[in-house]
Structure formats: structure tokens, C-alpha cells
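The next block holds one structure in the form of C-alpha cells; read it before the comments.
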Amino acid sequence: MKKILILCALSAFAMANMHFEKNKKCSECHPTIYSEYKTSQHGKATIFKDPIHGAVYEKHPQYNKKEKYRCGHCHTPTADNLSALLKSNNGVTPDADNETQNEAVACAYCHRIEDVKHGVAMNKNLVSLKEKVYFTSKSNPGTSPFHGIKTKKSIFKDGKMCIGCHSHKSNKKEFQVCATDLNNNASKKNCIECHMHKVDGAPSTMSTGKTHTFHGFPGLHGDLTNLSQYVTMNISNTSDKKMFTVLINHDVPHASLLHPLRSSKLVVTVTRNGSVTKMQDRIIAKTIGSIKDGKPVPTPPWLATQIVKNTTIPANTKKAFPYAWDLKSGDVITAIFGYYLVKPKALKKFDLKENKEATKFRVIRKETFTVK
Ligand code: HEC
Ligand code: HEC
Ligand code: HEC
Ligand code: HEC
Ligand code: HEC
């Protein structure tokens, strides 16, 4: 009981408005980490810096009724008027001139997460009230002239600090729009190991360290080079040469697409004597929606009550894509697997047809195979 009381006194659910040091301040001594972070989705999570987030919010009833900005829990957690943004029907919506709203998922916010509590609609981050003491996973961290450092191994080492925002989110209809559903039996299940790998460069200007954890947070937006080691492909054909299979080995402890906007595509061609034949594209996606006239139809997330269709590759699963095709010795099969941030079918709905990021096909893997 005593322990619980002490914890309550030192940290708060990030509902109330709290003050956080600015990202720019950190850049003075952590320039490398800052430059990686600035171009990451954490650095750009606001409606002003992320046109895709902005486009979806603009269609949201919360925006149209000037009702609230519930997204702020995770997209602008250090806004100095966060409680007003989250409160219903007070006319307060995001403001591009508010500097604290542009801080997005700020450095100081992440490094003040003390613990994560389970919630029904979404999880909650328990944020330390000590403005200038930052958590790390290191047992023997250095010292900083600007801030205190406290070791918080449990959640900064195993990735629990990520799941305050990345675990799940339900809409008003109590339907879970997205969920990371980590496979706890996986051998590799630490978010930080895969999404914050070690790269060259000192963690600070005052450090003798030669490497640091990468703060570009690669995901579908970023450079997929490092993540591609977890998504491999294998092509094989049957001995009668009437069929071949592309096997995707998704060695990841969460499903292949986490956000309902996304989709993947498997593009396969067969080349014979220089002429290329394209197989039908295989689309992989999760569609959420509701029942209309007795039939399931796709809807935006805020209207969804159920999963309409789900072909995403589950955690740590191999999925085979068979193709019936008469092959000959020497035929070259090429398979390309990649993602769209926004499903081509949803581009119109969110006015994103002209947006380069939203429409780009992002390749994670390409394999070729020659028929013997
Ligand atoms: C005046 C320089 C300075 C400023 C400004 C500064 N830091 Fe640091 N920080 C350091 C030094 C020095 C260390 C010790 C570790 C090292 O040698 O790199 C450190 C260590 C850390 C660590 C622990 C790293 C570890 O060793 O595991 C974190 C986390 C951290 N800083 C976050 C921040 C954040 C967030 C900000 C901005 C709000 C910030 N720092 C601003 C100098 C600074
Ligand atoms: C519980 C935390 C949380 C809340 C609340 C939340 N989001 Fe997000 N949002 C996330 C996370 C985490 C991601 C990254 C997920 C991913 O890429 O799979 C994300 C990603 C997105 C993206 C994709 C952005 C891109 O550039 O690809 C959109 C769009 C989005 N959110 C819209 C919204 C809107 C609109 C709201 C409010 C109505 C909202 N979110 C509320 C956590 C949240
Ligand atoms: C999404 C959460 C998140 C954000 C945002 C974030 N960090 Fe980190 N940071 C982490 C985690 C997790 C680690 C790795 C565990 C550890 O070493 O403590 C880490 C590690 C560090 C380290 C130690 C690096 C090393 O490898 O020695 C420093 C220093 C640091 N962060 C500073 C910053 C600064 C400065 C920013 C903003 C420019 C920032 N962080 C933004 C989560 C975050
Ligand atoms: C305060 C909430 C919050 C925390 C804590 C947080 N994230 Fe995020 N994360 C987000 C939001 C919001 C987005 C989406 C921003 C956008 O695209 O607009 C995001 C985006 C990402 C993306 C990019 C996805 C893509 O499609 O490119 C990755 C990867 C990611 N987070 C990993 C992590 C990891 C790993 C941790 C823990 C070290 C973590 N996040 C902690 C809120 C958070
Ligand atoms: C074994 C490595 C691995 C681990 C562990 C891992 N991921 Fe991923 N993650 C990936 C790969 C690879 C992708 C690319 C998409 C896919 O799954 O095919 C990805 C994609 C993502 C995305 C982007 C998805 C989207 O739809 O935009 C987010 C966000 C993310 N991971 C967050 C997390 C979080 C949070 C954790 C921990 C709870 C985690 N990941 C653990 C490898 C990993």
C-alpha cells in the first residue's frame, strides 16, 4: 500500500497538462539522436506534420463537430492544453501556432514514462512528475549537466514502455480498431531490438560511447532495410512444373499490418526468353466495417463494429501464395513484397490521391528464382 501511494505521488496519468522540456533542447547534446528522431513518425505525429494523420482527422466527426481531439493522447501527448483538447464540446481543436502541440511524441515524454497501465479503450502511460529526470535501460548510465538519469530497466529494456500507445485502441462503439497483440511465445519479441537497433555514433556530445540506439523508428514509413531481415521470401516449384509457390516467412511477433489504413501487395512475374508475364497481384489487408442491409461493408474506423475481411499475415507465421502456371526450365520468377501506407481504395475517401507518401509502394523484399 505504501509503495502504491509513493508511486501516485511521483507520477500522473498524462491527462492533466504537464510541462516537458523541448526536443530542441535535447538536440544541443544529443544531435545525432535528435536528427534521426526529427524525421521519424514520432517526430512528425501531429496533424500539421503528418498529412496522413491530418487527412483522417479532417474526416473525423470529432473534427467536424469541433468536439475534441482524442488523438492527442498518443499523437501530441505534451500539448500544454492537452486536457482541453481531450475534453468534449469546448470548441478546442489543434492549433498550428501552439509550439507544444508541434512537439509530437516528444523526447522528454518517452523518457519520463514510468509505467504503463492496461486500459479498456486504450492503455495509459504513467508519466513521472520530475521534469528533468529521464529514464534509461542502462545499469550504469553516465551523468548529464542538464538532467538527472534514472535506470528503469524493466520497461526500457523489454519494450513495455512502447505499449502505452501501441497496444490497442477502441472506438466509441467499443470495437477494437487496431491491436498489436504481441505473441509472447516468440523468441524475438522486444519492440526496441527490432525498431531501435544499434547504429554508429555517440549517444551524446559528451559521451565516449561509439554506438547508440537508432531513433528513426523504422516502420512502414521509413527505411525498411533493417526490418527486412524479419520478412523473408522463398520461391519453389512443383516437380511437374505446373505450379509454383511464393512463401512469405513473417518472423515478427505481431501481425503484418497493424493500422487499418495499410495494405500489402505481392507482385509476381515470370520471365521467359526476355518476355515478362505478370501474375495477378495478391493484396493483403485488414478491412474493418459494419453491417449494412445485412451485409458487411467497409467503413472509416470511427463507424466500424467488426472485421469485414482479414488477410494479414499473423505473428510468426509463414504464408504460402500458390500460382498455377506452366513453367519451363530457365524461366525466371520474380516476387516483390511491399506495403502501402494508405490502401489504394481509401485514397479518395481521405483526399490523399495526390499525396506521394500515401501512394508510394514500399518494397521490403525482392527475390528471384530460376526454374531448373
Ligand atoms: C547539456 C547537455 C545535455 C542536454 C541538454 C540533454 N542531455 Fe541527455 N545526456 C547528456 C549526457 C552527458 C548524458 C550521459 C550519457 C552519455 O554520456 O551520453 C545524457 C544521457 C541521457 C539519457 C540516458 C542515456 C543512457 O546513457 O542510457 C537520456 C535518456 C537522455 N540523456 C535524454 C535527454 C533528453 C530527453 C533531453 C532533452 C529533454 C536531454 N537528454 C538533454 C547530456 C545532455
Ligand atoms: C492509443 C493511442 C492512439 C490514439 C488515441 C490515436 N492514435 Fe493514431 N496512431 C497511433 C499509433 C501507435 C500509430 C502508428 C501505428 C502504425 O503505424 O501501425 C498511429 C497512426 C495513425 C495514422 C497513420 C499515420 C501515417 O502517417 O501513416 C493515422 C491516420 C492515425 N493514427 C489517425 C488517428 C486519429 C485521426 C486519431 C484520433 C481520432 C488517432 N489516430 C488516435 C496511436 C494512436
Ligand atoms: C518513442 C519513445 C522515445 C522517444 C520519442 C525518444 N526516445 Fe530516446 N530512447 C527510447 C528507448 C526505448 C531507448 C532505449 C533504451 C535505453 O537505452 O534506455 C532510448 C535511448 C536513448 C538514449 C540512450 C542511447 C544509447 O544507446 O546510449 C538517449 C541519449 C536518448 N534515448 C535520448 C533521446 C532524445 C534526445 C530524444 C529526442 C530527440 C529521444 N531519446 C526520443 C525511447 C524514446
Ligand atoms: C506517446 C505515444 C507513443 C509511444 C510511447 C510510442 N509510440 Fe510509436 N508511434 C506513436 C504514434 C502516434 C505513431 C504514429 C505517428 C504518425 O504516423 O502520425 C507512432 C509510430 C511508430 C512507428 C512508425 C510506424 C510506421 O508505419 O512507420 C514505429 C515503428 C513505432 N511507433 C514504434 C514505437 C516503439 C518501438 C516504441 C517504444 C520504444 C514506441 N513506438 C513508443 C505513438 C507512440
Ligand atoms: C522481430 C522484430 C520485430 C519486433 C520484436 C517488433 N516488430 Fe514491429 N515490425 C517489424 C517488421 C518487420 C515490421 C514491418 C511490417 C511487417 O510486420 O511485415 C514491423 C512493423 C511495425 C509497425 C508499423 C505497422 C503499420 O501497420 O504501420 C509498428 C507501429 C510496429 N511494428 C510496432 C512494434 C511494437 C510496438 C513492437 C513491440 C510491442 C514491435 N513492433 C515489435 C518487426 C518487429
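The model shown is predicted, which means the values in this text are computed figures rather than measured ones. Atom set for the values below is all heavy atoms of this structure, side chains included, hydrogens, waters and symmetry mates excluded. Counting starts at 1 for both ligands and their atoms, following the listed order.
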Residue, atom name and distance, where the atom is the protein heavy atom closest to atom 7 (N) of ligand 2: His75 NE2, 3.0 Å
Under 2.8 Å: N/O/S of His42 next to atom 8 (Fe) of ligand 4: yes
Ligand-side contact atoms (ligand 5) for residue partner Pro253, heavy atom cut-off under 4.0 Å: 1 (C), 3 (C), 4 (C), 5 (C)
Nearest-contact summary for atom 17 (O) of ligand 4 - protein heavy atom, Å: Gln41 NE2, 2.8 Å
Check: His195 N/O within less than 3.5 Å of ligand 4 N/O: no
Within-cut-off N or O pair, His166 and ligand 4, under 3.5 Å: yes
Side chains of Asn98 and Asp80, donor plus acceptor under 3.5 Å: yes
Shortest protein heavy-atom distance from atom 42 (C) of ligand 2, along with the residue and atom involved: Cys74 CB, 3.8 Å
Polar contact flag, side-chain donor to acceptor under 3.5 angstrom, Glu21-His147: no
Best match, Lys169, Arg70, Lys44, Lys124: closest heavy atom to atom 39 (C) of ligand 2: Lys169
For atom 26 (O) of ligand 2, the protein heavy atom that lies nearest, with its residue and separation: Asp50 OD2, 2.8 Å
His60, His259, Met122, His53: member with heavy atom nearest to atom 33 (C) of ligand 2: His53
N, O or S from Cys191 under 2.8 Å to atom 8 (Fe) of ligand 5: no
Whether Asn123 side chain and His166 backbone form a donor-acceptor pair below 3.5 Å: no
Sub-4.0 Å heavy-atom approach of Pro218 to ligand 4: yes
Lys153 backbone acceptor or donor facing Thr151 side chain under 3.5 Å: no
Trace of the salt bridge (charged side-chain N to carboxylate O under 4.0 Å, His left out) decision for Lys189 with Asp158: CA-CA 8 Å; Lys189 55 171 188 280; Asp158 68 9; over 6 Å; no
Identity and distance of the protein heavy atom lying nearest atom 43 (C) of ligand 4: Cys165 CB, 3.5 Å
Min side-chain heavy-atom separation Val127-Tyr109 under 4.5 Å: yes
Heavy-atom gap Ile52 to ligand 4 smaller than 4.0 Å: no
Stepwise ring-ring contact (aromatic ring centres under 6.0 Å, His included) test for His53 and His60: CA-CA 11 Å; His53 174 48; His60 200 290; 9.9 Å; no
Atom 37 (C) of ligand 4 [closest protein heavy-atom partner, distance rounded to 0.1 Å]: Cys162 SG, 1.9 Å
Proximity flag Ser256 to ligand 5, non-hydrogen atoms under 4.0 Å: yes
Side chains of Asn81 and Gln101, donor plus acceptor under 3.5 Å: yes
Nearest-contact summary for atom 24 (C) of ligand 4 - protein heavy atom, Å: Gly219 CA, 4.0 Å
Lys188 N/O under 3.5 Å from ligand 5 N/O: no
Residue and atom name of the nearest protein heavy atom (relative to atom 3 (C) of ligand 5), distance in Å to one decimal: Cys194 SG, 2.7 Å
Sub-4.0 Å heavy-atom approach of Arg262 to ligand 2: yes
Distance-only side-chain donor-acceptor flag, Thr334 / Lys366, under 3.5 Å: no
Per-residue contact class, Leu261 against ligand 2 - non-hydrogen pairs under 4.0 Å: side chain
Minimum-distance atom from atom 8 (Fe) of ligand 5 among N, O or S atoms of His254: NE2
Residue-ligand contact Asp251/ligand 5, heavy atom below 4.0 Å: yes
Test item: Pro322 and Met243 side chains (from C-beta on) under 4.5 Å apart, heavy atoms: yes
Winner among Tyr339, Phe337, Phe217 once heavy atoms are compared against atom 18 (O) of ligand 5: Tyr339
Nitrogen or oxygen atoms of Leu220 and ligand 4 under 3.5 Å apart: yes
Nearest-contact summary for atom 38 (C) of ligand 2 - protein heavy atom, Å: Cys71 SG, 2.8 Å
Distance from atom 25 (C) of ligand 2 to nearest protein heavy atom, with residue and atom: His221 NE2, 3.1 Å
